[in-house]
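So the structure is just underneath, and the comments pick up after that.
FYI, side chains are in, hydrogens and waters are out, and symmetry mates aren't considered; it's all heavy atoms of this structure. Every chain is numbered from 1 and lettered A, B, ... according to where its sequence line falls, protein lines coming before strand lines.
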There are 2 protein chains.
Amino acid sequence: MKTLRLNSNDKAVLLGSRFFEKLSAAASDAILEGAVVTNHEEHDILFQQDEPVDSVFCVLSGLVRVYRLGKDGREADIAVFPKGELFGENAMFLGNRATANAQAIGSSTIARLDSRNLRKLAEQYPDIAQALMELLCRHGQMAEDCLAEDRLLTAPQRVASYILGHCPDGSTTFSFRLPFQKNVLAGKLGLAPEALSRAFSALRRSGVTVKGRMIEIHDRQALERF
Amino acid sequence: MKTLRLNSNDKAVLLGSRFFEKLSAAASDAILEGAVVTNHEEHDILFQQDEPVDSVFCVLSGLVRVYRLGKDGREADIAVFPKGELFGENAMFLGNRATANAQAIGSSTIARLDSRNLRKLAEQYPDIAQALMELLCRHGQMAEDCLAEDRLLTAPQRVASYILGHCPDGSTTFSFRLPFQKNVLAGKLGLAPEALSRAFSALRRSGVTVKGRMIEIHDRQALERF
DNA sequence: CGTAGTGTTGATCTTCTTCAACATCCGTGG
DNA sequence: CCACGGATGTTGAAGAAGATCAACACTACG
């Protein structure tokens with residue numbers, strides 16, 4: 001795999017991300033010092049469970065799916081990360097071993113930040129430590145949210161919840177475009193693609209229109225009650 | 001609720017916990033400065049979703065269940081914490097609001113560490129920041145593990161996995177006592193109590209004996225294959 | 001225009017929940 | 001010490017929710 005230096009656009013994406021936004025320029029520069037970029041085709045594997053990993057990753061373009069493998073080869077998605085999100089930071093605290101697999105969805109550009117460096121910097125800059133804690137917390141929260149939704153909600157309810165998550169608070173009517181294929185959404189929600197399809201059918205009766213990747217919500221309240 | 005100072009036993013439990021073990025005495029003292037202890041009966045609520053929380057908690061004795069509530073009142077366990085475990089640290093990074101509920105299982109003693117103080121100390125002592133990151137990472141990992149197991153394993157497989165988690169690596173035969181009622185285990189595994197019961201029945205045919213809270217494994221390999 | 005990839009629908013099967021009945025365990029008070 | 005009652009756990013039967021498999025539709029793109 002060819003590794004490149006960051007170009008200015010890469011840098012802009014990184015600095016605009018949740019992780020970097022509160023950091024001083026000095027801290028950011030120190031982290032990005034030595035960062036590299038790789039390009040990936042659809043389905044490329046970025047790292048695999050139990051293998052050594054010495055970077056923290058950031059999606060510069062495209063999408064990354066993080067998942068675990070079952071003994072039978074089935075896959076369970078843990079998270080899907082869009083442009084601007086850091087991931088793979090867990091390995092840093094667990095002996096530099098990945099606890100999951102990561103795969104590019106569509107062709108993607110990925111930045112790699114040296115985790116040893118990041119760790120050292122976290123000792124030096126309290127801001128970086130703080131940013132790392134917030135990152136870990138967000139990711140923990142994401143997993144807990146998923147777990148709770150899986151256990152409390154049916155498939156159509158999970159889909160409704162996902163849709164509502166994209167819907168600004170005030171509005172009763174709203175529409176948006178899915179940021180990825182339904183395939184991927186199904187995985188993220190822990191559903192078979194067929195189940196997602198059926199869930200959309202069920203929601204259609206509650207004022208949700210689905211055409212391709214476009215979702216229209218005609219009655220927010222109805223969805224919330226679902 | 002009556003709040004007490006830490007007694008020497010309380011301190012011993014805290015200092016022996018995963019979180020404190022790598023900290024210097026100075027750091028530990030600084031954190032425990034101003035810590036208080038509360039006693040709770042079974043089912044007491046320690047904090048509730050969306051309510052302000054300004055402490056990080058530690059179980060000194062007993063057990064604590066962290067869970068979310070569904071719209072219909074159903075509950076989904078996120079985690080169960082035994083003696084010596086810190087919890088509730090997420091609120092610290094999310095505007096001091098709890099994102100879940102916490103409840104004592106059986107009568108329990110709980111330490112409360114001021115989160116504002118802890119946060120300040122994390123800036124000052126890199127060790128503390130490091131310990132916090134490891135805590136967050138562990139808890140995130142726990143949630144991801146649960147999520148993956150929920151999605152990849154059937155009820156008997158999840159129970160087998162739980163049992164294997166208590167079984168030292170080398171042994172083929174092993175026995176241990178459940179650290180809590182089956183009720184609680186069911187919740188932790190995301191199962192109805194009946195499903196847990198049936199899972200134990202299924203495992204009995206693979207060399208697992210269950211009598212009260214005692215679990216005996218007669219053939220580790222058989223369990224792993226399950 | 002044809003083909004591969006993606007999504008939908010139907011039918012069936014498995015798994016788990018739910019509800020109800022029953023069994024077992026345990027502490028309390030007679 | 002025994003008897004009782006409540007809590008806890010087990011078992012059975014019915015039902016709901018999803019998974020899976022198969023067929024088909026739609027779309028995109030060469």
- Query: Would one find more than 12 heavy atoms of other residues, nucleotides or ligands at under 6.0 Å from atom CZ of B:Arg213?
  - Reply: yes
For residues 62-69 of chain B, which side-chain N or O atoms pair as donor and acceptor with protein atoms under 3.5 Å away, sequence neighbours left out?
unit_1  : atom_1 : unit_2   : atom_2 : d
B:Arg65 : NE     : B:Gln103 : OE1    : 3.2
B:Arg65 : NH1    : B:Glu75  : OE1    : 3.4
B:Arg65 : NH1    : B:Asp77  : OD1    : 2.5
B:Arg65 : NH2    : B:Glu75  : OE1    : 2.5
B:Arg65 : NH2    : B:Gln103 : OE1    : 3.0
B:Arg68 : NE     : B:Thr99  : O      : 2.8
B:Arg68 : NH1    : A:Asp145 : OD1    : 2.9
B:Arg68 : NH2    : A:Asp145 : OD1    : 2.7

- Taking the six-membered ring of A:Phe226, is NZ or CZ of B:Lys71 closer than 6.0 Å to its centre and within 45° of its axis? no
- Task: Walking along DNA chain D from 5' to 3', note the first and the last nucleotide with an atom under 4.0 Å from a heavy atom of chain B, and give both.
- Result: D:dT8 to D:dA13
Identify all side-chain donor-acceptor contacts of residues 48-57 of chain B below 3.5 Å with residues at least two apart in sequence or on another chain.
unit_1  : atom_1 : unit_2   : atom_2 : d
B:Gln49 : OE1    : B:Asn101 : ND2    : 3.4

- Query: Any side-chain heavy atom of B:Thr3 sitting closer than 4.5 Å to one from B:Val37?
  - Reply: no
- So which pairs with a foot in residues 156-168 of chain B pass side chain to side chain donor-acceptor pair (under 3.5 Å), sequence neighbours left out? B:Glu149-B:Ser161, B:Thr154-B:Gln157, B:Tyr162-B:His166
- Message: For a quick check, with a 4.0 angstrom heavy-atom cut-off, what is the B/S/- contact string for nucleotides 6-22 of chain C, read 5' to 3'?
- Response: SSSBBB----SSBB---
Side-chain donor-acceptor pairs of residues 83-92 of chain A under 3.5 Å, sequence neighbours excluded:
unit_1  : atom_1 : unit_2   : atom_2 : d
A:Glu89 : OE1    : A:His139 : ND1    : 3.3
A:Glu89 : OE2    : A:His139 : ND1    : 2.7
A:Asn90 : ND2    : B:Gln141 : OE1    : 2.4

